[in-house]
Amino acid sequence: MAFKVATWNVNSLRVRLPHVMDWLDKVKPDVLSLQETKVPDESFPVDEIKQLGYEVVYSGQKAYNGVAILSKQKGEDVHVNIPSLEDLQRRVLAITVGDVRVFNLYVPNGQCVDSDKYHYKLKWLQALTLFLKEQLTLYPKVVVMGDFNIAPQDIDVHDPVEWQGQVLCTEPERAAFNELLSLGFQDCFRLQTQPENSFSWWDYRLNAFKRNRGMRIDHILATEALASQCIQCGIDKSPRGLERPSDHTPVFAEFVT
DNA sequence: ATGGTTGCAACGCAA
């Protein structure tokens with residue numbers, strides 16, 4: 001049996017709903033994690049998603065942030081937020097699908113290194129790491145996916161020199177990412193050989209997508225029990241070329257079970 | 001040349 005998961009920062013679910021529906025219909029993942037839904041729970045488009053045969057859980061707010069998990073099979077043990085962290089921003093959602101615990105993350109962007117938001121990002125990542133460490137004792141098969149807002153290595157950046165020391169690429173952010181990995185996760189994208197210059201996000205400005213001036217900041221991490229069963233992981237660039245696209249594009253991984 | 005684009009929601013903020 002194959003189990004396909006995917007993650008996509010849609011930058012407003014209202015605006016991107018047609019893209020999401022088309023993509024679900026084409027790819028038919030078992031689980032799709034969405035970030036930046038930017039929709040309060042009371043106006044979440046439940047019916048449209050259910051019509052496509054997907055169950056959905058969501059944690060949203062007005063205007064900013066917001067996460068959702070769509071799944072063919074109904075998710076169990078829904079969890080919201082990081083318990084130790086006082087946070088009004090809706091950025092974390094988890095469900096169990098079969099024997100897999102799925103975490104959906106929208107890691108804070110951080111804006112720039114001298115901002116409070118960068119501090120908040122690092123604090124947030126630290127709290128997340130403690131939380132996941134705990135969770136790993138409860139679930140052997142864990143997938144953590146989402147918009148990490150971190151390019152883990154220079155090969156994940158179109159121009160590492162230009163980006164050196166900038167937010168998304170700083171040493172503390174990369175250290176936090178590696179700290180997560182060291183809990184027992186693999187970066188599924190790097191389990192197989194990948195094309196050079198593979199990115200998941202491109203700035204809207206200056207024709208960044210056309211020039212492939214992007215970064216790989218959306219990730220799928222899996223514990224060894226799952227990573228050893230990962231048969232493919234990739235980035236589907238096609239939605240980024242559509243009319244009125246999100247600035248991110250889906251990342252997917254497939255496991256045999 | 002230090003720009004530019006998008007979404008939200010209300011003309012600035014966040015990305």
Side-chain angles (χ1 to χ4, degrees), chain A residues 7-23 33-45 48 58-68 81 85-93 104-125 128 145-152 156-170 172-174 176-177 199-219 235 237-251:
Chain A
T7 178
W8 192 1
N9 179 324
V10 288
N11 186 18
S12 167
L13 183 55
R14 274 274 161 228
V15 174
R16 235 63 70 189
L17 193 57
H19 291 187
V20 173
M21 311 249 287
D22 287 350
W23 197 79
S33 295
L34 302 178
Q35 304 87 37
E36 283 204 270
T37 53
K38 297 185 174 179
V39 61
D41 291 346
E42 58 271 23
S43 39
F44 193 91
E48 290 91 329
Y58 41 90
S59 174
Q61 65 187 91
K62 200 167 87 170
Y64 302 112
N65 309 308
V67 283
N81 292 353
L85 198 73
E86 287 264 352
D87 196 356
L88 296 173
Q89 305 187 21
R90 302 285 87 124
R91 297 178 174 278
V92 177
L93 192 54
N104 178 16
L105 308 180
Y106 175 44
V107 177
N109 171 282
Q111 197 169 55
C112 55
V113 289
D114 54 5
S115 77
D116 292 345
K117 295 193 183 77
Y118 180 72
H119 246 31
Y120 162 65
K121 180 180 194 172
L122 294 180
K123 281 256 181 243
W124 195 96
L125 285 164
L128 172 75
M145 58 181 158
D147 176 359
F148 285 69
N149 271 314
I150 299 172
D156 301 311
V157 183
H158 67 88
D159 187 341
V161 175
E162 181 186 324
W163 277 87
Q164 186 166 28
Q166 306 243 47
V167 116
L168 310 185
C169 301
T170 67
E173 292 168 270
R174 286 178 169 176
F177 186 83
F199 308 127
S200 65
W201 167 80
W202 300 261
D203 197 294
Y204 281 122
R205 294 165 287 191
L206 300 167
N207 283 316
F209 180 61
K210 237 182 231 172
R211 299 155 69 198
N212 199 26
R213 290 173 59 85
M215 328 236 323
R216 191 177 70 93
I217 57 177
D218 301 272
H219 308 297
I235 298 170
K237 283 174 74 166
S238 61
R240 187 63 175 79
L242 297 173
E243 193 98 353
R244 266 192 114 183
S246 168
D247 45 352
H248 296 249
T249 206
V251 180

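Note on naming: letters A, B, ... go to the chains in the order of the sequence lines (proteins, then strands), and numbering restarts at 1 for each one. Side-chain atoms are counted along with the backbone in the values below, which use heavy atoms only and exclude waters and symmetry mates.
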Interatomic distance, [X] [atom1] vs [N] [atom2] [rounded to whole Å]:
X: A/D247; N: B/dG7; atom1: CG; atom2: C1'; result: 10 Å
X: A/N9; N: B/dG7; atom1: CG; atom2: P; result: 12 Å
X: A/L13; N: B/dG7; atom1: CG; atom2: C1'; result: 13 Å
X: A/N109; N: B/dA14; atom1: CG; atom2: P; result: 11 Å
X: A/H19; N: B/dG7; atom1: NE2; atom2: P; result: 10 Å
X: A/D116; N: B/dC13; atom1: CG; atom2: P; result: 14 Å
X: A/K38; N: B/dT6; atom1: NZ; atom2: C1'; result: 7 Å
X: A/R205; N: B/dA1; atom1: CZ; atom2: P; result: 20 Å

(request) Could you work out which one of B/dT6, B/dG12, B/dG4 sits closest to the side chain of A/Y204? (result)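 So the nucleotide nearest the side chain must be B/dT6.
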(request) For the side chain of A/K62, starting at C-beta, report the closest nucleotide among B/dA9, B/dC8, B/dG7. (result) B/dA9
Select base, sugar-phosphate, or nothing to describe what [X] touches, counting heavy atoms under 4.0 Å on all strands.
X: A/Q111; value: nothing
X: A/R213; value: nothing
X: A/Y106; value: sugar-phosphate

(message) Using modelled atom types and a 3.5 Å cut-off, is there a donor and acceptor pairing between side-chain atoms of A/H219 and backbone atoms of A/A151?
(response)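 No; zero donor-acceptor contacts below 3.5 Å.
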(request) Taking the side chain as every heavy atom from C-beta outward, state whether A/Y106 and A/E36 have any atom pair closer than 4.5 Å. (result)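 Answer yes - side chains close enough.
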(request) If the plane angle is over 60° it's perpendicular, under 30° parallel, otherwise tilted; pick one for A/F209 and A/W202. (result)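 Judged by the thresholds at 30° and 60°, the geometry between A/F209 and A/W202 is perpendicular.
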What distance, rounded to whole Å, do you find between the two [atom1] atoms, one in [N] and one in [M]?
N: B/dA15; M: B/dG4; atom1: C1'; value: 14 Å
N: B/dG7; M: B/dC11; atom1: C1'; value: 14 Å
N: B/dA14; M: B/dA9; atom1: P; value: 14 Å
N: B/dA1; M: B/dT6; atom1: C1'; value: 23 Å

Whether [X] contacts [N] is assessed here as follows: a side-chain N or O lying under 4.0 Å from the phosphate OP1 or OP2. Is that the case?
X: A/S12; N: B/dC8; value: yes
X: A/R244; N: B/dG7; value: yes
X: A/R16; N: B/dG7; value: yes

(request) Scan side-chain atoms only and decide if A/W124 and A/D87 contain a donor-acceptor pair under the 3.5 Å cut-off. (result)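 On atom types as modelled, these side chains qualify, holding a pair under 3.5 Å.
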(message) For the residue pair A/K38 / A/N11, report whether a side-chain donor-acceptor contact shorter than 3.5 Å exists.
(response) yes
(message) Need the pair for B/dT5. Rule: Watson-Crick or G-U wobble, both distances under 3.5 Å, any strand; none if unpaired.
(response)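 Pairing partner: B/dA15.
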(request) Between A/K117 and A/N11, name the one whose nearest nucleotide on DNA chain B is closer to the 5' end. (result) A/N11
(request) Show the numbers, then the answer: is there a side-chain contact (heavy atoms from CB on, under 4.5 Å) between A/L105 and A/F148? (result) CA-CA 7 Å; A/L105 308 180; A/F148 285 69; 3.9 Å; yes
